[in-house]
Amino acid sequence: MQGVLGAFREIDSAVEAIEDLKKERFGDITVFTPTPRHEFEHVMAHGPSKVRIFTLIFGLAGVTFGYWIPVWISDYWPLVVGGKAIATWVPFTILGFEVMVLVGGLATVFAMFALAHIPRLTMTVGYDARFSGAHFGVWVVTDPDRADDAMTVLKKHGAEEVRRER
Amino acid sequence: MATTATPLPGGQRPNIPSAAVRFPAIKTYDQVDREIAGTLGPSLGWFGALGIAILCMLIGATAWTYQIHEGLGAAGYQPPVMWGVYIVTFVFWVGIGHAGTLISAILYLFRAGFRTSIYRASEAMTVFAVMTAGLFPILHLGRPWKFFWLIPYPNWRLIWPNPKSPLVWDVFAILTYLTISSTFLYIGLIPDIAILRDREKNPIRKAILSQLSLGWRNSDREWRHFTRAYLFLAAFATPLVLSVHSVVSFDFAMALTPGWHATIFPPYFVAGAIFSGIGMVFTIAIPLRKAFKLEHYITLNDLDAAAKLCLFTSSVVGLAYLTEFQVAWMSGNRFEQDYFWNRVFGQWAWAAWIMLICNVVLPLSLWSQKLRRNPAWLFILSLFINLGMWFERFVIVVPSLSHEFEPWQWGTYRPTWVDYSILLGSFGWFFMWFLLFIKQLPVMAMAEIKEVILPPMRRRRDFSHDLTQGVVDPDETGATH
Amino acid sequence: MSQDTKKPGVKRREFLKVLGATSAAVAAAGCSEETGKLIPYLVSPDQTVPGVSTYYATTCRECSAACGLIAETRDGRAIKLEGNPDHPVNHGALCARGQSALQGLYNPDRFRSPMVNEGGAWKVITWDDAITRLSQGITQTRGANRAGGAVFINQHESGSFPRFLDTWLAGFGMPPHLSVDFESDAAAIEANRRTYGVAWPSLSFKDAKIIVSFGADFLDSWGANVPQQLDFADARARLDGAPRFVYIGPRRSLTGLNADEWIACKPGGELAIANALAGKGSIQQAATDAGVDQAALQALATELAANKPALVLSGVSGESALDVALAVAAINQASGAVGVTIKPAQPLTGFEGIAHTDQLLGAVERMRAGQVSVAFVRGVNPAYHLPKASNFADAFAKVPLRVSFSSFPDETTELCNLIIPDLHSLESWGDAEPIRGTIALQQPVMDPVFPTNSKTIPVAPGTADVLIQVAKKDATVASKFAAPDYRATLIAGFPGGAQALGAALPKGLAAGTIPARTLAAAPAVAPKTTSIASTQGEFFLITYPSPLLGDGRGANKPWLQELPDPVTKVSWSSWIEIHPETAQRLGIDRGDILEVKTANGTVRAPAFPYLGVHKDAIAIPFGRGHRAAHAMPMFDPKTHTVGEVQWGYGRYARDLGINAFDLLPVGTHAAGGFIWTATKASVSKTGDNEALPSTEGSARQHGRGIAQAVNAADLNKPGAGEGGEAKEALPGDASHAFLPGLRSPVAADAQGDLGAPTAADQGKNKGLYREDDIRGMAKRRWAMTIDLARCTGCSACITACNAENNVPTVGAFWQNATIYADQKPGFNITRGREMTWIRLERYFEGNPDGKFGQDFETRFVPMLCQHCGNAPCEPVCPVYATYHAPDGLNVQVYNRCVGTRYCSNNCPYKVRYFNWFGYGEVDRKQYAFPEPLNWQLNPDVTVRGKGVMEKCSFCVQRIREAENRATLEHRELQPDEFTVACAQGCPSRAITFGDAADPNWTVAQLANDKRAYHVFEELNTYTAVVYLKKVNHPAAGATAPRA
Amino acid sequence: MTQRRKWTAIPGLLALAIGAAMLSAYSGASSSQHHSPVQPINFPHPVHVQKLGMNCLYCHNAANKSMDPGLPAVSTCIGCHNIIGPDRPASDLGPKRHSVELDKLYKFADVAGMGAGMGANAKPIPWVRIHKLPEYVHFPHTRHVNAGVTCQTCHGQIQKMDRVYQFASLNMGWCVSCHVNGYSAKEGLQAAGYAPPDSGANAAAAPATVATGERKKARYDCANCHY
C-alpha cells in the first residue's frame, strides 16, 4: 500500500485539504488527529459507530446470565435460609444488574478494539509521531501516477510537510 | 512557559463553558504536551513520599501476617461488636472510590466542563481506593485463606455460595466496580500513552509505552469508535456507582440490628460516598496542582464547582442523619430509640459528634465563595471531611452492634495496635499506588484538554459574540502563514 | 467395669492416646490431610463396641452428699458424667461441680507418679520405692514408739473406706483419722444430732407450706445441694400451693436470689429473729436487734403460724450458729415439720462422722507441740483452708514424716516430704451409703490415666491399695489384710459377696447398710469464740464458699473457673461485694481495687457493687487465691514441659484472685465449726481499677421482656391464658402462636422422609407460610421449653454443655494474643469472648436506684440458640455455613464457615460464639485442652478451629445417635426417647427437649402452657425455644415487679 | 517503527491458569484416591474373604452397629493363626511354603510358636490408614450397612485387593451424589458379587428395598454429616 502523507499545523487547512482531495476523487483517506474534532467527523462523514450494537446485545446477555446464576445455584442445592423462598428473584436483581454491567462494559471495550483495529501489532505506514502531538495528518492512498496531484493539493493547503510513503 | 493563571479581564467570574475560556492560559497543543508530560520526571520529594507510603504499607502487612497467624483475637474485637475497624475502613475506601467515577463518568454525561482537568487523577484514585477497599472484607475474615468460597466457581464439593447474602452481592458489586473502573481508566489513558510514546526517547520505555498504547494511531476511525465506547462505558459506570454503594449499604440495611435496619441507607450511603470522595479529591488534587505547577489546568473555577458539589452532598448527608433520628423517634420501636439515644448521648457520643461536626457543620463554610475559591481552606476542610466520614462509618458499625436487643450482651469496643496498623497500612497501600501512578502516567487527560482548548487555526475565527474577546491572540496560536 | 478390660494395660493406653490426638484434630484442617495410623486393640474388651459409648454407674466424690453418677465412656475414656436416675439421693441430677470431676480426672497438673522431697528438692520415685519408703517410715515411728502420735487427715467420705482406714491405722497403733469437710455446717449437724439424733435428716421442700432459710444456702453448697435443688424446684413448680420462700440473712446468695422475700438482717441478727419466731423474745425487740423492718417480721411470724408445716433451715456461720440452729429446730418442731418436711427416719449418712475444725486445730496444736510423729493428708488442704493466723505451716513442719496422698500439687502437699498420689474416684473402687439403707457403689470407669513407672505394679494403685501393700510388708499387720487389693476387701465386706456385688454393679446400687466407724471423738481445742462485735472495722466481713469452687477444691478445673458465678457472673477472679449505696458513698466503682484489712490480714481485690449484700457488710467468696509456698513463675505453655509440677494447685488456680481465709481469725463456734462471719473489716480504695472478667452486660432488661414473670395470684385466675381479659393478666402470652410457629419449613424437594407433610399440614398449619406455599412442613421440629419457675440459676447446664460439646475455656491468662497484649486471667472474658453455648442471664427487677432495699427480684434466663424457624442469621451467611435443617435445627457448619461473623451481628439473641484464637488447635498456646484434658473431648463433636463461628447445636450428635439407634432397631423415634446435654444435666429439670411437631412429646405439651412465651416474639423469628414464665409469690400486699 | 510483541501472551496465560485451577478444583485433584500404602503386614484380603469365605464383620465387627467399623484386635488374628502358623505343610491347598507375613504377625503378637498364646510384650500392629475422612465429617457405618450399602460400594472390590487401595475419591461431591440420586440395595449386592435374594429366609433378612431395587434417597443437608 502506498500513498501520500501530509502533515498540517492547522486544523482548518487540513479540513480544506481533505475536502479538495475528496473533490478530486482521491480514494481512501485517513486523518490522524491528536484529539477528536468535529471538523473531521463532518468532512469524513462516517456513519455512526457499531459499538452500540455489541453493548446492547451483551448487556442483555449479561443480565440474563446474572439472573440465571443465583437461581440455578439456589435450586441446585435447596437449603432454606431464614424461612425465605428457595429462589428469591428480588435480591437476585442486584446480581443481574452487576453482571449486566460487567459483561456489557467489557463487551463494549472489546467491540471498540475490534472495530478500531486495535491493538494493532504494527504501526502501519502513514503514521508520524507528530500526530499525537500538535500536527494533523492526512494520509491518502493513491497509485503512484496520481501521487503528485495529491501532493500538490496538500501543499496548496499549506501542509507543513508532504511525503510519499510505501 | 506560563506558570501562573492569568486573571480574566473585568475580574468577574466567567462560568461560561466556552472552549475559549476553559483554560485561558493554555494556548497550544504543544504547551499541553510539554507541561503535562513534564510532570513525569521523578523528584526527590516524590521518592520521600513514596518511601513513607511503602513503609506504612509494610507495617500494615506485618500486622496482617501476625493477625493471620494468631487469629482474629489479635484485633480488638469485643463481642457483640463482631465488626470493627476493618469494615469501617472498607466502607470508607469504597466511598472514596465513588467520587472518581462520579467525576469521570457522570459529569462526562452531563458535559460538566470542569471535570476535564481533574477526572484522570480522581479516576485513578477510584481504582486504587477500590483496590484498597477490596482487601478489607478478606482481611476481616476469620479464615481469610478461604475467601474464594464467596465466589461461585465449580468445585468438587458441588456447593455454592449463598446468593441471598448481602456479602455475596458485595463480592459481585466490588469486583464489577473494580473491573469497570480500571478498564475505564485504561481506555481513557490510551491516547495519552500514545502521546508519551511518541515523545519518548529512551528505547526501553518507548517499547513498554507502545505496548500499553496498543498501537494507538490517532486515526479518525480509532477516534470514532473510541469516543462512542467511552460514552457507553460512562453510561454503564453511572448506575454502577450508584448501585455499588447501595449494595454496600445493604450489608447493614438487610440486617435486623437497630441502627442498621433502615430503608434510608442506600441513598444515604451513596451521598456519603460521593461526599467523602470529593473530600479525597481535594486532598489529592490541591497539593498536586501546586507541586506540578498545574494551577492553570485545575483552575479556581474547577475547585469552585467541585466545592459546590461537596456542599450539596454534605447537606444531603446531614439531612440523612436527621432523618435517621426522626425515624427512630417516630417508629415507637423501643430498640431503635434506645440505640439512637445511646448514639448521641450515650457511650458513643464523642464519635457521633466528631461525625456531625466534620460532615455537616464545617462544610457549611462553603456557602462563602471566598472559601470555595481558597485552595488552602478546601484542603484543610477536605482532611476534616475524610476524618468525619471515617467516623460516620464507625458510628454506624460499632455503636449499633454494641447496643443491640439483648441487654445482657451490651458491650463496648476497643481496637488494638493491630487494627490501627492495618488502618495505617491501607493508607500506605493506597498512596503507594497513587504516587507510582502520577510519575508514570499523565495525571491529566492531554488529548481531552486539547479537545477543549482552541485548535490551531490559520484564519482568525470571529469571537465577537464571546465576552472573552481578545483572549485568543493570533500571534500566539502560531498561525503565521 | 470388670477387670478384664484392664488387661491391655499400658498398650491400651497408647491406643487411647492416638484417639485422643485424632479427636482433638480441628475443623479448620483441610480435606487432604496427613492420614494417620490405625492402632488396634491387643485384646478387644468385651462390653465395648468401638465408637459406641458404654455407661458405668458409680458414685460422685466431689462433696459429702455422694450422689450417683453415670459415666459415659467411649473406647475406654470417660467423656461425660451424668446423674444416676435410679439413685435415691440425686435422682439423675448432677451439679456443675460433680460434672467437673472429669477435669480432676484428666487434670494436666495431676501427679503422674510418687515423689519424695530430699533436701528440699523433689524427685520422682517408683511406686515400689514409694511404698517401701512409707512402710519404712511407719516402722521407724513404731520403733520409736511414737505411732500413737500419728495424724491422718482425710477428705470426708462415707462408705467403707473410713472404717478400713481406721483399721489400718489401728493395726499400726495409730489413732483414728480425722474426716474433714470444710464446707459442712457443724452447727446444723450438731443441732440435728441433738434434736433428731441424726446428723442430717433428709429434707422435703415439696411438703412444706412455707420455706424459711436463715442463711442456709441449700442451692449453693449447704448440705446435699443437688437433691435439695431438685426437690425445691419440684415444690416451686407446682402452680398452686407452691410454698413461699423467705430468706433471712445479710447477703443474698444464689439461694437468697431464689427467695420471694429477703429479710436483710445484719450479721449476727439471725439469732434474735430465730428466737422471736420461736416464741422467745418479742418481734419488736428482734426487729431492732437485727435491724430489719418490724412489719415484715411480724408478717412472717403470722405466715409461719398460718402455714404448717413449714421448713425452716439454718446455715448461719457466726459465733451464735448453734443457738440459731437450735432455735430453728424449735420452730420446725412447733410447726409440725418433723417427719413431714424434715425426715430423721431417712438420714443422709454422708454427714455422719465429720471431724470439725476444732478437732483439726487440736491436731495442729499437737503438731506444734512436736507430739506428732507422722502426718498423712489425703484430699484435704489445711495449709489453704486454715487461716494464716493458725500458722499451720510452722506446726506442720515440726512433723518428721509428712505423707500426702493428694493427686494435685496443692499447698499442703508442697509441705510434705513424701507424695503417693491417690487415684481419682473415677479410677478406683469404693462405696458409700448416701442415705440409710442404700449402698452406692463406686467402680473404676476406666484405667488410670497415667501409667505406672514400676515393673512389678502393672497399674497405678489407689491409696487403699497402697495401704494394703504397706500392711502386707509388716508381719504383725499383714494378717488383718489378707485380701490382695481394696476391691477384694470390698467384695469380702459386701453383703452377699462377689455375686451380689456383680449383680449390683450395673445399677451401682444395692440395699444394705455399711457399718459406721466406731468414732472416738478426737481431742479438740476449746472453742475459740471471738466476738465479732469486739473486732475493729466499719464493715462486717462475710465470707462464704463459692457455689462453684466450693472451699477451693474446684479451683484447678478450668470449667469451674470459667463458669460465671451464679450471683455475680464473675469468673477467673476474686471480688469484693459491696452494696451500691455504700459504694456510692465511698466513691467506689465496679472494678476499683479495694484493700480489705482485718486484724489478721489484708487482701486486695476488685469491688463488685451488689444489691444483695447488707449495706453494713462486705462479702468475699472462698475458693481462689491459691499460692505456691515458694515463688513459682507464671505458667507458660511454651516453656512448660509435660509432668512438670505446678505447685499452688496447678496452672489454672495458682496466683489467681485472693484467699479470703487469710482475713479470718481462728474462731470456732460452740459446735466446733469454723466461723466464717467472724470479724469486721475496714475497706479502702487503692486507686487502681481493673475490669472484672464478667459476662454481665446490663443487669437490667430495660423492659424488653426477656425474663418474664407472673404472680401466682394472677396465674390462678380462672381461665388465665385462654384469651379475653385473662390475656392482660399474662402479658406476652402467645401460646396461640406456638405450634404453627414451631413448624419448620423444608425445601421443595423433600430432603428424605422429613419433608413428608404430616396430616396436620394438609391445607392448614403451614407455620409461618401462606397455605399455598410450595414449601412443605417437616415431620419434625426439634424444640425446647425452659421453665423459669424451676430454674434456680445454678449453671449446671453450662458445664453439661461444655462437656458434651467440647466447648473450650478461654479465660486462662495465656489464652490471649502474644505481642503487646495483656496476659491477664479472664482477659478474654472481659472482652466478652466467652464461648459457653448456653449462658445464664441474671436480671434484677425493682430497686432501680440502687438504694439499699430488700424488694428487688432476680430472674434467671438460660439463653441459648433459639433455633429460629425464621432465623436472621441464616440468609446473611455468604457460604450457607448456617441454614435451617429440615428437622428444624438452625445448623452451624464449622468446616464451611469462613468467619465473616455477619450471622452473629444479625442474631438478636447474641448466642453465637466465635473462635478468636486457635482454642482447639493442639500446637497453639491458646489450646484449651492440654494433654490429658483432651481425653475428655467428645469424639462425636468436631473440635472447632481458629476463625470459625460456633453455637448451640441442640446436641445434634445426640439426635443423630438416637436416629441411628432407631434405624438399627428398625423403628421410629419414641417420644422423650432421648434428651440434650443441658436438659439432662439440669438439676431442677427446668429444660425439656423434644419434637414439638409430635404432640406425644412432653415438649409439645409444655409449649402450649399458659405461661409460655417467646423471647422477642415481635421480631417474628419463630424461635424453637419456648420459655415458661417465672412464678412469683410476693408477700401479702406487695406485688412483684414485672417486665 | 514496527514491532510485534507477545502482548497477547499475558491475558492468555492468565486465562489458562484460572482454567487449570478450576479444573483441578473440580476434578478433586486434592483427593488421595488410588493411594495404596505399604502395610506393616501385607494382609491378603483375597485369601481370607474369597478363598476362606470369611465375612467382613468377622474382623470389622462394629461396622453394622457403630460409627466406626472396628479393627480386628491382634488377639483376633492370633485366634486363628496360632493354629495356622507361618509354615504351611503341603496339602490340597498347595505345596509346602513359609509365610513371611505370619512371621511378622508372630513378632508383633510376641507369639513363641504355633499353639502358644500372645506374649507379655505383644505390640499392636500399626496399620497405615487409607480411608480417612476429615475430623468434621461423621460417617456412621451402621446407617449405611443397615441400609444395604455393601462394603464394595465405597471400598471397591476389596475382597480382590492383594494390597488395599483407596477406591473412591471420598470427595464431598462423591458422597452427595449418592445421597441425592439414591442407592439401590440390589445394585449394592451385585457389586458385592451376590445375586439379589429373591425369596426365602435371606430375602426376609435383607432390607425391603433389595427385592424391589428401588433407589433409596438420603438427606443431603449439611448437618447430616457435619456437626
Side-chain angles (χ1 to χ4, degrees), chain B residues 66-83 137 140-147 149-150 157 159-171 251-252 254-257 260 333-335 338 397 400-401 404-412 414 416-418, chain C residues 28 695-704 706 816-821 828 831-834 839 841-843 861 863 872 874-881 883 896-902 904-918 924 926 945-949 1016 1019:
Chain B
Y66 169 68
Q67 172 180 299
I68 290 177
H69 167 268
E70 193 79 84
L72 266 189
Y77 291 108
Q78 197 156 337
V81 181
M82 290 282 191
W83 286 356
H140 101 296
L141 287 183
R143 300 202 283 162
W145 51 93
K146 299 275 191 217
F147 75 94
W149 280 358
L150 273 71
R157 297 184 213 83
I159 48 183
W160 301 91
N162 170 11
K164 300 182 193 72
S165 163
L167 295 184
V168 171
W169 308 344
D170 263 357
V171 173
D251 290 352
F252 306 103
M254 291 289 157
L256 217 57
T257 314
W260 284 8
N333 174 335
R334 152 179 282 132
F335 306 120
D338 280 9
V397 173
S400 315
L401 291 175
E404 266 201 59
F405 297 94
E406 256 279 351
W408 191 257
Q409 288 289 303
W410 284 351
T412 177
R414 203 170 63 262
T416 65
W417 66 271
V418 178
Chain C
T695 57
E696 176 185 39
S698 160
R700 304 283 180 165
Q701 49 177 334
H702 300 261
R704 297 189 175 192
I706 297 160
N816 187 14
T818 318
I819 302 173
Y820 189 60
N828 280 332
R831 279 242 173 204
R833 293 172 180 176
E834 67 271 10
R839 61 172 185 262
E841 305 185 345
R842 187 254 302 114
Y843 287 118
V861 198
M863 182 54 71
E874 287 164 357
V876 298
C877 176
V879 290
Y880 279 123
Y883 73 97
R896 178 63 169 166
C897 177
V898 295
T900 66
R901 307 185 298 293
Y902 199 172
S904 173
N905 287 347
N906 211 21
C907 172
Y909 307 92
K910 288 280 164 282
V911 286
R912 298 179 144 265
Y913 304 93
F914 188 72
N915 285 275
W916 298 104
F917 296 107
R924 305 196 154 271
Q926 293 94 354
K946 185 177 68 182
V948 304
M949 190 63 71
F1016 299 144
L1019 297 178

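Every heavy atom of this structure was used, including side-chain atoms; hydrogens, water molecules and symmetry mates were not.
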Exercise for review: Apply side-chain contact (heavy atoms from CB on, under 4.5 Å) to the pair C/T695 and B/W408, showing each step before the final yes or no.
Suggested key: CA-CA 8 Å; C/T695 57; B/W408 191 257; 4.2 Å; yes

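Of the residues considered (B/G411, B/P144, B/P79), B/P79 shows the highest number of contacts with chain C, using heavy-atom pairs under 4.5 Å. Contact count against chain B (heavy-atom pairs under 4.5 Å) is highest for C/Y843 among C/Y843, C/Y883, C/Y913. Highest contact tally toward chain B, considering only C/A817, C/C897, C/P878, C/G918, is held by C/P878 [criterion: heavy-atom pairs under 4.5 Å]. The choice from C/V879, C/I819, C/N905, C/L1019 that makes the most heavy-atom pairs within less than 4.5 Å of chain B is C/N905. For chain B, the option among C/R896, C/Q926, C/R842, C/E696 with the highest count of heavy-atom pairs below 4.5 Å is C/R896. Contacts with chain B were tallied for C/G899, C/A881, C/A699; C/G899 has the most, counting heavy-atom pairs under 4.5 Å. Of the listed residues (C/C907, C/S904, C/P872), the one with the most heavy-atom contacts under 4.5 Å to chain B is C/S904. When each of B/R414, B/K164, B/M254 is checked for heavy-atom pairs under 4.5 Å with chain C, B/R414 comes out on top. Contact tally against chain C (heavy-atom pairs below 4.5 Å) for B/L401, B/N162, B/D170: the top residue is B/N162.
The distance from the CD atom of B/Q78 to the CG atom of C/N828 is 10.5 Å, given to the nearest 0.5 Å.
Interface residue B/Y66: only side-chain heavy atoms are found under 4.5 Å from chain C. Contacts of C/E834 with chain B are made by side-chain atoms alone, with heavy-atom separations under 4.5 Å and no backbone atom involved. At a 4.5 Å heavy-atom cutoff, B/W169 makes no contact with chain C through either its backbone or its side chain. Residue C/R912 touches chain B through its backbone alone, counting heavy-atom pairs closer than 4.5 Å. Contacts between B/T257 and chain C at a heavy-atom distance below 4.5 Å involve backbone atoms as well as side-chain atoms. With a 4.5 Å cut-off on non-hydrogen atoms, B/W149 touches chain C through its backbone and its side chain both. Looking at C/R700, only its backbone comes within 4.5 Å of chain B, counting heavy atoms on both sides.
Between the side chain of C/R833 and the backbone N or O of B/G73, at least one donor-acceptor pair lies under 3.5 Å. Judged by distance alone, the side chain of C/R901 and the main-chain N or O of B/H140 form a donor-acceptor pair under 3.5 Å. Distance alone, capped at 3.5 Å, places no donor-acceptor pair between the B/W260 side chain and the C/N906 backbone. Of the possible polar contacts, one joining the C/R831 side chain to the B/G76 backbone as a donor-acceptor pair under 3.5 Å is found. C/K946 places a side-chain N or O within donor-acceptor distance of the main-chain N or O of B/H69, the cut-off being under 3.5 Å.
For C/F1016, the ring-ring contact (aromatic ring centres under 6.0 Å, His included) criterion is met by B/F335, B/F405, C/Y909, not counting sequence neighbours. Every side-chain contact (heavy atoms from CB on, under 4.5 Å) that B/P163 has, sequence neighbours left out, goes to A/P70, A/I73, A/S74, A/F92, A/L95, C/Y880.
Closest approach of B/P407 to C/I706, counting heavy atoms only: CD-CD1, 3.3 Å. Between B/W410 and C/S698 the shortest heavy-atom distance is CE3-CB, 3.8 Å. Between B/M82 and C/M949, the shortest heavy-atom contact is CE-CE, 4.5 Å. Between B/L141 and C/V898, the closest heavy-atom pair is CB-O, 3.7 Å. The minimum heavy-atom distance linking B/E404 with C/R704 is given by the pair O-NH1, 2.9 Å. Residues C/C877 and B/S165 approach most closely at O-CB, 3.4 Å, considering heavy atoms.
Taking the six-membered ring for Trp and thresholds of 30 and 60 degrees, C/Y902 and B/W83 have ring planes inclined between 30 and 60 degrees apart.
A donor-acceptor pair shorter than 3.5 Å cannot be found between the side chains of C/E841 and B/Q409.
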